[in-house]
Amino acid sequence: MRGFSARTGMVSTGVALVVAATLDAQDVGRIFVDQYQPLRSELMIADVDGSNPRKLVAGAELDYNASFSHDGRWVVFTSERNGSADIYRIRADGTGLERLTDSPAFDDQAALSPDNRSVAFVSSRDAGSTDIYVMDLESRRVRNLTNAAGGDFRPSWSPDGQTIAFTSDRGTGQPHQGYPGPAGKWEHVQWASIYLIGVDGAGLRKLTSDPETSAGSPSWSADGSRIVFYEMPVVETFGAHFGRGASTIVSMDVATGERTVHASGPGLKVSPQFLAPDRVGYWVKTRGAGTLAFTGGEAASPRDLANPSWSPDGAQVVYQSGQLETMHHYTITPGKRLLGTVEDPGFELVHASGWPAISPDGRTLVVSERSPSSDRMALVMWDADGTNPRRVYQDDVTVMGLEWTRDGEWLAFGAGGFFGQRTSQPAQIWRIRSDGSEPHAVTDEPGNAGFPSVSPDGTRIVFRYWTDNEAGEGLRIVDVATGESSVLTTDYDTLPQWSPKGDQIMFTRYAPDARYPYDEFDIWTIRPDGTGLKRLTDAEGNDAHSHWSPDGEHILWSSSRFGYKDESPLTINQPQPYAELFIMDADGSNQRPLTDNQYEEGTPAWIPAGIVRR
């Protein structure tokens with residue numbers, strides 16, 4: 001493993017393990033994190049059109065991204081049954097389960113070579129971002145085939161075993177929804193292209209290059225003369241996370257570049273595969289269901305189905321079921337183990353959704369309640385062990401951005417319209433006693449006030465302020481007793497948090513950076529009097545959702561610097577699947593990841609170890 005990655009400007013996972021061991025010795029405790037994880041993801045094998053489905057792998061583990069071997073005897077897939085995402089194979093009859101990779105890094109999207117002697121797969125094991133690796137199954141030797149900055153995805157072997165087609169967003173930076181312009185919003189879009197590379201790592205060739213079009217999921221024809229893939233506008237690749245947008249199924253002659261359109265029109269069509277020279281199967285994706293469709297015009301019934309792979313003879317299909325229905329499900333209770341952490345992170349990393357906040361005594365967790373309807377319109381308290389839920393406040397607007405006062409007597413939160421509603425609907429800062437009594441507004445601003453943080457002495461609250469524009473109005477501080485507000489900053493700043501010592505306010509700022517093609521969010525600090533402005537993060541990509549450790553010596557936050565780990569349109573119902581949890585010292589040094597997975601992590605809350613033990 002590398003100690004430092006020139007590709008990302010960050011320590012690699014290997015170094016993170018050493019640092020984490022030091023933090024563990026310092027006894028740092030439990031961290032609650034909102035992770036977009038599924039409750040269920042199981043592999044099903046069925047007839048070609050998805051009929052007569054039956055469970056392929058026994059048990060109730062999280063299994064996904066399966067593909068058939070070229071002879072149809074084996075299925076390789078990803079499983080999180082041992083904590084991190086690793087590659088497994090199983091016979092098509094459901095016997096002979098075997099683990100192929102054993103790494104704390106993210107391993108995914110495997111494809112067996114035509115002779116079944118090697119497996120190509122995606123992994124983050126060297127630098128955080130994903131490359132294509134090849135493992136010799138007899139010796140278990142693994143080599144990095146692509147080894148380039150950016151993300152490489154979805155390897156596909158040519159029938160002669162000499163070439164691998166794959167998708168990559170290398171060299172494209174981290175564009176936002178304002179693409180192709182430098183400005184944008186929180187969420188990234190993806191400009192991916194189809195590449196070919198020899199199995200010896202030579203002969204890299206780019207097949208698609210339109211800067212307005214993202215292409216993905218290459219698959220070879222049986223004779224190796226053509227590659228079929230989907231393509232769609234780059235600007236629609238974020239909406240594709242939720243099944244929005246339209247794509248086209250295209251194949252290309254590898255020798256001449258001649259293109260054939262196989263399916264077009266409305267609908268998000270992905271994961272194409274040749275079933276015969278003149279027949280292609282593909283997945284039509286919506287937010288809640290998937291449909292197997294074919295170029296002859298026939299289509300199966302929609303169901304909870306994702307990432308299909310057909311057998312070479314076109315008789316069977318394997319797919320994953322469960323993620324479309326259960327991703328980030330409101331029933332996931334606080335305290336469930338986080339998926340895909342680095343090895344020995346030095347923390348107990350557990351799930352809690354709804355902007356979790358821990359009481360100063362570490363005994364109570366408060367969240368903005370998740371529900372199938374009226375989502376995030378109530379405050380619910382749980383015991384810190386994930387038991388005894390009780391609703392303490394109900395509203396008819398969103399309540400979000402929660403924080404306790406240091407004495408544990410009060411909660412501060414924002415109430416109103418947030419996210420996409422922030423420029424059109426008002427919001428105010430509220431306080432409520434910890435028993436749910438005395439709810440009242442602290443601010444009366446005409447715009448949108450949100451994401452409060454209380455000074456250690458409880459007399460002031462810092463918050464972010466918006467009016468009717470997309471530029472933001474900066475941070476303000478309100479006196480709790482008088483309700484009078486003062487301006488702290490006037491830039492595009494948000495998510496402030498007062499330090500435990502009271503001498504710093506940490507926040508997220510959106511601004512251009514001349515080193516990168518796209519504007520970005522970074523973590524900054526400033527003194528409460530407006531002096532001492534300091535930037536803590538400067539890697540390419542967005543950094544946000546920062547949170548102080550209880551002693552003020554460390555900072556947790558979410559970062560997109562490692563980029564997507566899969567093709568953006570294949571993301572299932574997550575806004576920011578590239579958001580990994582990081583930690584750094586309070587001065588911005590020693591930045592390192594704590595998670596390595598395909599799930600969004602954000603809004604952490606921290607219990608010191610001394611309190612956890614009580």
- What do the steps show when you test Asp86 against Ser84 for side chain to side chain donor-acceptor pair (under 3.5 Å), and what is the final call? CA-CA 6 Å; Asp86 281 303; Ser84 62; 3.2 Å; yes
- Note on the structure: Heavy-atom closest pair (Arg73 atom, Asn116 atom, distance to 0.1 Å) is NH1-ND2, 4.2 Å
- Can the positive tip of Arg125 be found less than 6.0 Å from the middle of the six-membered ring of Tyr133, inside 45° of the ring normal? yes
- Task: Give a yes or no on whether the backbone of Gln316 and the side-chain of Ser311 come within a donor-acceptor separation of less than 3.5 Å.
- Result: yes
- Query: Is the shortest heavy-atom distance from the side chain of Ile249 to the side chain of Thr295 under 4.5 Å?
  - Reply: no
- Task: Determine yes or no for a side-chain-to-main-chain donor-acceptor pair under 3.5 angstrom, with Gln273 supplying the side chain and Trp310 the backbone.
- Result: yes
- Task: Say whether Gln576 and Ser560, considering side chains only, have a donor N or O and an acceptor N or O under 3.5 Å apart.
- Result: no
- Message: Looking at Lys565 and Glu580, is any side-chain nitrogen of the basic one under 4.0 Å from a carboxylate oxygen of the acidic one?
- Response: yes
- Task: State, yes or no, whether a side-chain contact exists between Pro577 and His241 at a heavy-atom distance under 4.5 Å.
- Result: yes
- Item | Criterion ring-ring contact (aromatic ring centres under 6.0 Å, His included) on Tyr564 and Phe153, from CA distance to verdict | CA-CA 9 Å; Tyr564 280 96; Phe153 323 109; 7.6 Å; no
- Polar side-chain atom of Gln323 near backbone of Ser41 as donor-acceptor pair, under 3.5 Å: no
- Message: Take a 6.0 Å sphere around CZ of Arg391 and say whether it holds more than 12 heavy atoms from other residues, nucleotides or ligands.
- Response: no
- State, with a plain yes or no, whether a side-chain heavy atom of Tyr330 is found less than 4.5 Å away from one of Asp375. no
- Message: Does Tyr319 form a side-chain contact (heavy atoms from CB on, under 4.5 Å) with Arg303? I'd like the steps, not just the answer.
- Response: CA-CA 11 Å; Tyr319 61 86; Arg303 65 184 70 194; 3.7 Å; yes
- Query: Which atom names give the shortest non-hydrogen contact between Ala300 and Asp49, and what distance separates them?
  - Reply: CB-O, 3.0 Å
- Thr101 side chain to Ser103 backbone, donor-acceptor under 3.5 Å: no
- Query: Among Ile87, Val119, Asp107, whose side-chain contact (heavy atoms from CB on, under 4.5 Å) with Met135 holds?
  - Reply: Val119
- Item | Trp283 and Val317: CA distance, side-chain angles, deciding distance, side-chain contact (heavy atoms from CB on, under 4.5 Å) verdict | CA-CA 11 Å; Trp283 167 35; Val317 64; over 6 Å; no
- Does a side-chain N-to-carboxylate-O contact under 4.0 Å join Glu80 and Arg337? no
- Query: At their closest point, which heavy atom of Tyr230 faces which heavy atom of Ser217, and how far apart are they?
  - Reply: CE2-OG, 3.5 Å
- Consider only side-chain N and O atoms of Glu601 and Ser558, and report whether a donor and an acceptor are under 3.5 Å apart. no
- Any luck finding a side-chain donor-acceptor pair between Glu567 and Thr167 under 3.5 Å? yes
- Query: What are the two closest non-hydrogen atoms of His351 and Asp34, and how far apart are they?
  - Reply: CE1-OD1, 3.7 Å
- Intermediate values then yes/no, side chain to side chain donor-acceptor pair (under 3.5 Å), Tyr64 and Gln598: CA-CA 12 Å; Tyr64 49 89; Gln598 61 172 334; 3.2 Å; yes
- Item | From Met44 atom CE to Asn52 atom CG, the distance as rounded to the nearest 0.5 Å | 11.0 Å
- Task: Answer yes or no: is there a donor N or O on one side and an acceptor on the other, between the side chain of Asp169 and the main chain of Gly151, under 3.5 Å?
- Result: yes
- Query: Could you go step by step and tell me if Met327 and Tyr599 meet the side-chain contact (heavy atoms from CB on, under 4.5 Å) rule?
  - Reply: CA-CA 10 Å; Met327 182 64 72; Tyr599 308 118; 4.3 Å; yes
- Item | Contact check, side chains of Val33 and Leu556, non-hydrogen atoms, under 4.5 Å | no
- Task: Indicate yes or no for a side-chain donor-acceptor contact from Ser271 to the backbone of Pro308 under 3.5 Å, with no hydrogens or angles considered.
- Result: no
- Message: Ignoring hydrogens, what is the shortest heavy-atom contact between Glu187 and Pro575? Give both atom names and the distance.
- Response: CG-O, 4.0 Å
- Message: Please check this pair: side chain of Thr326 against backbone of Arg40, looking for a donor-acceptor N/O pair closer than 3.5 Å.
- Response: yes
- Query: Ion pair present between Arg91 and Asp93, side-chain N to carboxylate O less than 4.0 angstrom?
  - Reply: no
- Would you please test Asp152 and Thr130 for side chain to side chain donor-acceptor pair (under 3.5 Å) and show each step? CA-CA 6 Å; Asp152 299 332; Thr130 53; over 6 Å; no
- Query: Would you call Ile45 and Arg54 a side-chain contact if the rule is heavy atoms closer than 4.5 Å?
  - Reply: yes
- Query: Under 30°, 30 to 60°, or over 60°: which ring-plane class applies to Tyr518 and Tyr179, parallel, tilted or perpendicular?
  - Reply: tilted
- Query: With a 4.5 Å limit on heavy-atom distance, are the side chains of Pro569 and Met232 in contact?
  - Reply: yes
- Message: Using every non-hydrogen atom in the two residues, find where Ala544 and Thr508 come nearest and quote the distance to one decimal.
- Response: CA-OG1, 3.5 Å
- Item | Row check, Phe582 ring normal vs Arg561 NZ/CZ: under 6.0 Å, within 45° | yes
- Take Ser69 and Arg89, measure what side chain to side chain donor-acceptor pair (under 3.5 Å) needs, and give me the verdict at the end. CA-CA 10 Å; Ser69 61; Arg89 69 175 172 180; over 6 Å; no
- For the side chain of Arg370 and the backbone of His328, is there at least one donor-acceptor N/O pair under 3.5 Å apart? yes
- Give the ring-plane orientation class for Phe451 versus Trp355, where under 30° counts as parallel, over 60° as perpendicular and anything between as tilted. tilted
- Any chance CD of Glu258 has more than 12 other-residue heavy atoms, nucleotides or ligands included, within less than 6.0 Å? yes
- Is the Lys NZ or Arg CZ of Arg170 less than 6.0 Å from the centre of Tyr195's six-membered ring, within 45° of the axis? yes
- Trp191 side chain near Glu212 side chain, heavy-atom distance below 4.5 Å: no
- Looking at side-chain heavy atoms only, is the closest gap between Gln320 and Glu42 below 4.5 Å? no
- Item | Test item: side-chain donor near acceptor, Thr78 and Asn65, under 3.5 Å | no
- Query: Would you find a donor on one side and an acceptor on the other, under 3.5 Å apart, between the side chain of Asn448 and the backbone of Phe418?
  - Reply: no
- Message: The test is side-chain contact (heavy atoms from CB on, under 4.5 Å); show your working for Ile227 and Trp220 and say whether it passes.
- Response: CA-CA 4 Å; Ile227 291 177; Trp220 296 80; 3.9 Å; yes
- For the pair Thr208 (side chain) and Ile194 (backbone), establish whether a donor and an acceptor sit closer than 3.5 Å, ignoring hydrogens and angles. yes
- Query: Salt bridge check: are Asp63 and Arg81 linked by an N-O gap of less than 4.0 Å?
  - Reply: yes
